[in-house]
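To start, the structure itself, in C-alpha cells.
Every value quoted in this text rests on a predicted model; they were computed, and no experiment measured them.
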Amino acid sequence: MCFSSCSLSFQSVVKTGRLLVSHEAPVTGGFAAEISSTVQEECFLNLEAPISRVCGYDTPFPHIFEPFYIPDKWKCFEAVKRMINY
C-alpha cells in the first residue's frame, strides 16, 4: 500500500465520498496529483464527486502577488461548495 497519510485519505474518502487536496506548489505535477492518483486507484467506487485540487497556478509569479497565488481559505471554501453541490 502506501504511507499513513494515504491511509488516512482512504478512510476519509470511504466516509465522505469526497477528497480535497491543497498545497502551494503548481497544480501540474504537484504532490496533490500523486495523492489524487493513488486515491482514485484505491477508492474509485467510494467517490461521490471528482477529486478537487486547490493549488498554485502553473505560471511564474512575482513575490508581491504571492497572496493571490497561494491557496487560501476562500479558494478551499469554494472548492468544498463545488464538491458538495456536485
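- The line from CZ of F10 to CG of N46 is 10.5 Å long, rounded to the nearest 0.5 Å.
- F31 and L19 fall within the same hydrophobic cluster, where Ile, Leu, Val, Met, Phe, Trp and Tyr residues are linked whenever their side-chain heavy atoms come under 4.5 Å apart, directly or through other members.
- Ion pairing between E78 and K75 fails under the 4.0 Å rule for side-chain N and carboxylate O.
- Distance CZ/F77 to CG/D72: 12.0 Å, rounded to 0.5 Å.
- Side chain of S36 to backbone of A32: a donor-acceptor contact under 3.5 angstrom is found.
- Taken from OG in S7 to CD in E42, the straight-line distance is 10.5 Å, to the nearest 0.5 Å.
- When atom types are taken as modelled, the side chain of T38 and the backbone of E34 share a donor-acceptor pair closer than 3.5 angstrom.
- Cluster membership for F65 and Y57, using ILVMFWY side-chain heavy atoms within less than 4.5 angstrom, is not shared.
- With values rounded to the nearest 0.5 angstrom, Y86 atom OH is found 12.5 Å from M83 atom CE.
- Inter-residue side-chain proximity for Y69 and P26 is flagged as met; some heavy-atom pair is nearer than 4.5 Å.
- Taking all atoms of both residues into account, the shortest heavy-atom contact from V27 to R53 is O-NH1, 3.1 Å.
- If you take SG on C43 and CD on Q11, they are separated by 10.0 Å, rounding to the nearest 0.5 Å.
- For P71 against S22, the heavy-atom pair with the smallest separation is CB-OG, 3.7 Å.
- In this structure, V54 is a member of the same hydrophobic cluster as I84, with clusters built from ILVMFWY side-chain heavy atoms closer than 4.5 Å.
- The CG atom of L47 sits 5.5 Å away from the CD atom of Q40 when rounded to the nearest 0.5 Å.
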